[in-house]
Amino acid sequence: QVHVVESGGGSVQAGGSLRLSCAASGYTHSSYCMGWFRQAPGKEREEVASIHSGGGSTYYADSVKGRFTISQDNAKNTLYLQMNSLKPEDTAMYYCAADPRAVVVGHYSPCEYNYWGQGTQVTVSS
């Protein structure tokens, strides 16, 4: 059974940094997609950053470009989000999601995020 677990959230002052980690388990091959999403109170969930291994692409929301860096350790099926120059508007619950399908060379399809973690809170104070 697939499980996704985030860690690394916390409270930080504006301008500070945090690193989130996400471990996916229940399968041994590299994930087709893994991504970070966030949801602030009263707002819709938004995609922050993701890696589409099947398509060979990386996505960043405009609001985090140049400040956040997504990376993954395929051997450990672990996803990271390095967040620098944090702003109060980055305050949200951050969720990790995984699409555990195996990458097939020459085959492309959109990400299907069927497995989600419980979330980790990030709070940035001004």
Exercise. Would Ser53 and Gln72 count as a side chain to side chain contact (heavy atoms under 4.5 Å, CB included) if you check the C-alpha gap in whole Å, the side-chain angles of each, and the deciding distance to 0.1 Å?
Worked result: CA-CA 10 Å; Ser53 297; Gln72 66 180 16; 3.2 Å; yes
Exercise. Of the non-hydrogen atoms in Ser63 and Arg38, which two are nearest, and what is the gap between them?
Worked result: OG-NH2, 3.4 Å
Exercise. Are the side chain of Arg67 and the backbone N or O of Ser85 linked by a donor-acceptor pair below 3.5 Å?
Worked result: yes
Problem set entry | ring pair (Phe, Tyr, Trp, His ring centres under 6.0 Å) contacts in which one or both residues fall within residues 65-109, not counting sequence neighbours | His52-Tyr108
Problem set entry | Sidechain-backbone polar pair: Tyr59 side chain, Gly35 backbone, donor-acceptor under 3.5 Å | no
Problem set entry | Residue pair Ala14 / Ser126: nearest heavy atoms and the distance that separates them | CB-CA, 4.3 Å
Exercise. Any donor-acceptor pair under 3.5 Å linking the side chain of Asn77 with the backbone of His29?
Worked result: yes
Problem set entry | Rounded distance (nearest 0.5 Å) linking atom CD1 of Ile70 with atom OG of Ser50 | 6.0 Å
Problem set entry | Cluster link Val4 to Trp36, ILVMFWY, side chain under 4.5 Å | no
Exercise. How long is the span from the CG atom in Leu20 to the OG atom in Ser7, to the nearest 0.5 Å?
Worked result: 8.0 Å
Exercise. Taking atom OG of Ser30 and atom OH of Tyr32, what is their separation to the nearest 0.5 Å?
Worked result: 13.0 Å
Exercise. What is the minimum heavy-atom distance between Thr69 and Tyr60, and which atoms define it?
Worked result: CA-OH, 3.4 Å
Exercise. About how many Å separate OG of Ser21 and CD of Gln82, when rounded to the nearest 0.5 Å?
Worked result: 9.5 Å
Seminar exercise, completed: Separation between CD (Glu112) and CG (Asp99), nearest 0.5 Å, reads 5.5 Å
For this session: Group every Ile, Leu, Val, Met, Phe, Trp and Tyr by side-chain heavy-atom contacts under 4.5 Å, then state whether Ile51 and Phe37 land in the same group.
Result: no
Exercise. Who are the salt bridge (charged side-chain N to carboxylate O under 4.0 Å, His left out) partners of Arg19, not counting sequence neighbours?
Worked result: none
Exercise. Hey, does the side chain of Thr78 reach the backbone of Ala23 with a donor-acceptor pair shorter than 3.5 angstrom?
Worked result: no
For this session: Answer yes if Val48 and Leu18 sit in the same cluster of Ile, Leu, Val, Met, Phe, Trp and Tyr residues linked by side chain heavy atoms under 4.5 Å apart, and no otherwise.
Result: yes
Exercise. Can you name the nearest heavy-atom pair linking Met34 to Cys22, along with the distance?
Worked result: CE-SG, 3.8 Å
Problem set entry | Asn74 side, atom CG; Leu79 side, atom CG - distance, nearest 0.5 Å | 10.0 Å
Exercise. Has the side chain of Glu6 got a donor or acceptor atom that lies under 3.5 Å from a matching backbone atom of Cys96?
Worked result: yes
Problem set entry | Considering all heavy atoms, the nearest Ser17-Asn84 contact | OG-OD1, 2.9 Å
Exercise. Looking only at heavy atoms, which two atoms of Arg101 and Pro110 are closest? And how far apart?
Worked result: NH2-O, 2.9 Å
Exercise. Among the clusters formed by ILVMFWY side chains lying less than 4.5 Å apart, do Tyr113 and Leu81 turn up in the same one?
Worked result: no
Problem set entry | Side-chain ion pair, Lys87 and Asp90, N-O less than 4.0 Å | no
